[in-house]
Structures are given as structure tokens and as C-alpha cells.
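Submitted below is the structure of interest, expressed as C-alpha cells.
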Amino acid sequence: MKTLNFNGEKLQAENIIKTDTDIIGYDENNKEIFAFRGISDFTLFTLEEGQVFDISDEDKKNHRLTDLEVAMAAMLGGGM
Amino acid sequence: MNYTNNLNLKKPGYSDPADIQDINDNMDIIDQQINNLDAEKIARTITVGVGKDFTTIQAAIDSIKKHIKGAITIQVDEGTYNENLYITDFYGDGNIIIKGATSLTDTHRISQMFISNCGNVSISGFKMTSSGYHDVEARVVGNLYMQDIKTDVVSSFNGFQILNSLATIVNCQISNKYSALYAAQLSIVVSRDWVAGAGNAVGITSNYGSTVAKVGIQPQGTAAEAVFNGGVIR
């Protein structure tokens, strides 16, 4: 369980995903329980000490693709 | 002294002295109850200001019968009215219309408004000046229309707090609040054509199954929107 602090409020969720514009909290069944959208200043949103934001499934896929591309380029002897 | 169960009318005992004031008090209570049973059937306008029907908006509101079948308009002159308005328990298919300015200005100033258990209420043209609570709170209002309402007073409360109500909010400007518009408890709100405002933590919040429909420019905040517990903003 993670805790998001914003404007004096503490919001808890199993996973708290941060994207370029949004912060969304999900429960253990992957159901959305809160969402802040269109955020202009992320510095006002903090997690409890030692906690980190989660990454969305789409971002995970994109990271894997990037890693694959780098690996393939290395195997083919070229650069990216 | 005994009292009746419903209206709390005085019933002197056989050994009590006969006091004409007791009889008069009873008659006043009965007269007020009969007056309450009657409805406002004809559209009329009540004026508020120096030398007008009333000098305070609340006195004008209190002069209206609770059962409304016509359009009752309260026309408010320019000025600062240090009042927390309570618009409560008006029912019937008529409506209460409270009019201040005809645009977003600072000329008509009141502290805050609390609207509850009402049918149709329309309020326009006021600057809110309170920091101690939500500027406008509506609870269980069937049809609330708010236009040209503004505030920039810093507070940790909301501009509009709409609970268990249907509301339309048009051309308002809310700054320096927690949420400019907060809808909760199955409310449905149409949010239209705002002047964006600044300094809010959140522009629009929808909580506990409420729905906010956006049309045109919306209120701004550090987060444009926040949803909790099945709230929807679309």
C-alpha cells in the first residue's frame, strides 16, 4: 500500500501510477480509486518516504521495446 | 401548563391563572401555520437595498412562503451584504431567482450561500467574500442554476460544493480554493464556460458517483480534475 500526499490530504492505493500528466491510484483488484488529471505541477504530489510511483503497463511495454531495439542494434553491430 | 403535541400550543390547567398572552401566543402560532400552508402562486419581484422592500437579502428570502408555485425574483442592488444566505426548504414547482449584477463583477458582495432541500433556485451576479467555509454549498437541490459568481478569497474550502443535487454552473470565476467545483453524493452538474481562475488546488472534483459534464472553458487548478469513488468528469 502506498500513500500519496497532496494539499494536506493522504490518499492510499495499492499502486499509484504517474504519467506525463496524471497520477492515478488503483486498489488490489486494479480498480481505479482516485485520479488527478491535467497536473501542471507534480512537485505538490509526493509519496511517503521510500515509496516510488508505479509505471503504467503501456510505459512498461514501451520500455521493453526500447530495450529490445538497443539489444538488436548491438547484436547487428550498429548503434541507435 | 400543558402543551399540545403538534404545535406546542399552551394549555393552562384548571388551577393556572388565565393569561391573555397565552391565548395570543397560541393564535400567532396557528396563524403562522395557516400562512405556511398557503402557496406563493403569483410571480412577483422583491427588491433589496437602501430604501427598497428589504435592506438584507436574508430578510427578503424569509418573507417568501415555503410553498412556491410562481417565479419569485429577489432583485438586489449594488452593495456589500455581510450575510451568510440560507435558502432552505422551499418546495413546489415555482422558483426562487436571486439577481445581483448582470456580469462577473465585484459590485454585489455577499459572504456565502447555503441552499438545501429546495426545488428550483437560480442565483446570479455576486462576489463571495468568505474564507471560513465553502462559498456556495447546495444540498438536495432539484434544479440549481448559478451564473456570474466569483471569488478570489484564499481558503482551504471549495468554491461550489454540490451534494445530492442537480446543478448548472455558467460563467463563474473561482480562485484560491481547494476545488473550484466539488460535486459529490450522486450529484449531476453541467459546468459551462468559466473564466478559468487561478490558485486552486483542483479545478473540478467529482466524488461518490457524481457526474460533471464539461462545456467550454473550465476552472483551473494544480490538477485540472480529480475523481474519487466512482466520480466521473467528461
Side-chain angles (χ1 to χ4, degrees), chain A residues 1-70, chain B residues 131-135 153-161 174-186 189 191 194-234:
Chain A
M1 188 68 78
K2 295 179 178 177
T3 302
L4 177 72
N5 299 303
F6 172 62
N7 203 55
E9 283 188 298
K10 289 182 181 290
L11 299 160
Q12 292 197 314
E14 193 63 31
N15 294 300
I16 300 178
I17 288 176
K18 179 180 170 185
T19 71
D20 290 344
T21 55
D22 305 338
I23 292 175
I24 304 168
Y26 294 91
D27 68 10
E28 62 278 5
N29 299 314
N30 209 32
K31 181 185 165 194
E32 181 183 305
I33 51 177
F34 65 78
F36 292 92
R37 298 199 166 93
I39 297 170
S40 58
D41 184 356
F42 278 95
T43 63
L44 302 178
F45 295 82
T46 58
L47 293 175
E48 297 285 285
E49 194 170 342
Q51 297 178 352
V52 293
F53 285 107
D54 297 292
I55 300 170
S56 70
D57 289 343
E58 192 168 341
D59 283 346
K60 282 179 189 170
K61 281 181 198 167
N62 288 336
H63 286 160
R64 283 194 196 123
L65 279 173
T66 303
D67 290 345
L68 271 174
E69 284 175 346
V70 169
Chain B
S131 63
Y133 197 59
H134 313 298
D135 293 288
V153 178
V154 177
S155 91
S156 58
F157 294 96
N158 300 317
F160 291 97
Q161 167 118 332
I174 303 293
S175 297
N176 302 322
K177 303 295 176 181
Y178 173 71
S179 187
L181 166 59
Y182 180 95
Q185 317 295 1
L186 292 173
V189 180
S191 174
W194 290 63
V195 175
N200 302 305
V202 180
I204 302 173
T205 303
S206 183
N207 201 351
Y208 292 112
S210 293
T211 298
V212 177
K214 299 181 292 181
V215 182
I217 294 170
Q218 296 300 307
Q220 294 301 301
T222 302
E225 301 173 5
V227 293
F228 307 92
N229 304 303
V232 173
I233 300 171
R234 60 190 180 194

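Throughout, a chain's letter reflects where its sequence line sits, starting with A, and its residues are numbered from 1.
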When rounded to the nearest 0.5 angstrom, what distance separates CD in E9(A) from CZ in F228(B)?
5.5 Å

Determine the minimum heavy-atom distance between T222(B) and L44(A), stating which atoms define it.
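Reported closest heavy-atom pair: CG2-CD1, 3.5 Å.
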
Proximal component of F45(A), with respect to chain B [non-hydrogen, under 4.5 Å]
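Only the side chain of F45(A) comes within 4.5 Å of chain B.
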
To check you understand the geometry: which heavy-atom pair defines the closest contact between S40(A) and G221(B), and what is its length?
OG-O, 4.0 Å

Has I217(B) got more than 12 heavy atoms of other residues, nucleotides or ligands less than 6.0 Å from its CD1?
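No.
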
So which residues of residues 16-38 of chain A are in contact with chain B at a heavy-atom cut-off of under 4.5 Å?
E32(A), I33(A), F34(A), A35(A), F36(A), R37(A), G38(A)

